[in-house]
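Model, not experiment: these values are computed from the prediction. No hydrogens, no waters, no symmetry mates; every other heavy atom, side chains included, goes into these values. Residue numbers count from 1 along this sequence.
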Amino acid sequence: DRPPGSKLLTRIDTGLDAARDGAPVVIYLHGFPDSSVHPSTGDFSSRLPRKLCEAVHKAIPDAVFACFNASGIPGSDGVAFRDKLISREVEDTVTVATYVRSRFAGPSSRVYLLGVSTGAIIASLARSRSELWPSAVIAVAGLLDVVGGVRLDFDEEQRCAMEQTGVCLKEFWVPPGYT
């Protein structure tokens, strides 16, 4: 369901023997409005995905570790930031998992979804997708009370604007040097 010509900025790190059927695939899903891959350099955008990649390869040397910037996050296109949807991020996850499995691992490879914050919600939603049938979903810091959690990220003025008009302004920090 991706628009023609659109792309997802993705970083794939293969282990020792990842080009074999059965190599495990670990897909990291970033939180909102974070990213996984720096849009200018292609490096990990922060310490968290880098350290997770290192830990995965230490524990499972032949694993494939993939992370990506969801649609609407700098480096990935297809939708504007203001048009981001959780359902689209689930589709992005399926797209990346399908690609990684077909290109670097194989049809019998197990897929592990590792989501942090909003990524935890996306991993939980993607677990039922028949294309993935993930072997495990690791959800870190997902909100149990989404309605109450809104108060952590949005002030009273933003919440009032959302109730009245259906939209509100939210700051989003673009990486330095990104155009």
Side-chain angles (χ1 to χ4, degrees), residues 1-2 6-38 42-73 75-76 78-79 84-150 152-153:
D1 185 14
R2 300 206 45 74
S6 67
K7 63 183 179 192
L8 293 173
L9 180 60
T10 306
R11 181 182 172 115
I12 300 168
D13 288 87
T14 58
L16 299 175
D17 187 21
R20 68 170 178 80
D21 189 18
V25 176
V26 177
I27 299 177
Y28 168 71
L29 305 171
H30 63 78
F32 173 83
D34 199 7
S35 62
S36 294
V37 184
H38 190 285
D43 294 330
F44 293 114
S45 66
S46 68
R47 187 172 188 267
L48 182 59
R50 180 176 52 83
K51 295 305 278 183
L52 287 171
C53 181
E54 289 171 7
V56 164
H57 284 135
K58 185 176 181 180
I60 314 166
D62 66 340
V64 178
F65 182 87
C67 60
F68 64 96
N69 292 358
S71 295
I73 296 293
S76 291
V79 298
K84 291 178 62 52
L85 298 171
I86 293 288
S87 59
R88 185 175 303 274
E89 292 193 27
V90 170
E91 294 305 319
D92 291 349
T93 301
V94 171
T95 298
V96 169
T98 301
Y99 174 77
V100 171
R101 208 183 220 170
S102 69
R103 174 69 173 82
F104 296 96
S108 70
S109 294
R110 294 178 179 215
V111 174
Y112 301 89
L113 301 177
L114 170 56
V116 174
S117 190
T118 305
I121 296 166
I122 292 163
S124 298
L125 292 170
R127 77 182 182 281
S128 65
R129 293 298 297 265
S130 62
E131 305 94 321
L132 294 179
W133 289 111
S135 299
V137 169
I138 302 101
V140 179
L143 289 175
L144 292 176
D145 178 8
V146 176
V147 174
V150 166
L152 296 175
D153 282 326

Note to self: Once rounded to the nearest 0.5 Å, what's the spacing between atom CD1 of I122 and atom CD1 of I27?
What the structure shows: 12.5 Å

Next item on the list: Name all pairs fulfilling the salt bridge (Lys or Arg N to Asp or Glu O under 4.0 Å) condition that reach into residues 111-130, sequence neighbours left out, sorted by first residue then second.
Entry: E91-R129, R129-E131

Margin query: Using every non-hydrogen atom in the two residues, find where A63 and V56 come nearest and quote the distance to one decimal.
Written below: CB-CG1, 3.8 Å

Check: Heavy atoms, side chains only, cut-off 4.5 Å: are E89 and L85 in contact?
Finding: no

Note to self: Checking S36 against N69: is there a side-chain donor and acceptor pair closer than 3.5 Å?
What the structure shows: no

Next item on the list: Quick one: closest heavy-atom pair of V137 and S124, and the distance?
Entry: CG1-N, 4.0 Å

Checklist line | Salt-bridge present (R50, E54; N to O < 4.0 Å) | finding: yes

Checklist line | Separation of L52 CG from L48 CG (nearest 0.5 Å) | finding: 4.5 Å

Next item on the list: Would you check if the side chain of K7 reaches a backbone N or O of S76 as a donor-acceptor pair within less than 3.5 Å?
Entry: no

Check: Got a sec, which residues hit side chain to side chain donor-acceptor pair (under 3.5 Å) with R11, two or more places apart in sequence or on another chain?
Finding: D13

Check: How far does OG of S46 sit from NZ of K51, to the nearest 0.5 angstrom?
Finding: 12.0 Å

Next item on the list: Applying ring pair (Phe, Tyr, Trp, His ring centres under 6.0 Å), name anything that partners F32, two or more places apart in sequence or on another chain.
Entry: F81

Checklist line | From C53 atom SG to I12 atom CD1, the distance as rounded to the nearest 0.5 Å | finding: 11.5 Å

Check: Can you find a heavy atom in the side chain of V25 that is under 4.5 Å from one in the side chain of R110?
Finding: no

Notebook entry, point to check: So, does D43 use its side chain to make a donor-acceptor pair with the main chain of H38 at under 3.5 Å?
Noted result: no

Checklist line | Sole candidate of T95, T93, I73 that passes side chain to side chain contact (heavy atoms under 4.5 Å, CB included) when paired with F68 | finding: T93

Margin query: Could you check whether any side-chain heavy atom of L114 comes within less than 4.5 Å of a side-chain heavy atom of V140, counting everything from C-beta outward?
Written below: yes

Check: In Å, rounded to the nearest 0.5 Å, how long is the span from SG of C67 to CG of L9?
Finding: 8.5 Å

Note to self: Nearest 0.5 Å, please: how far is OG1 in T14 from CZ in F65?
What the structure shows: 12.5 Å

Check: Would you say S109 and D21 make side-chain contact, with heavy atoms under 4.5 Å?
Finding: yes

Item checked: S135 side chain near V111 side chain, heavy-atom distance below 4.5 Å -> no

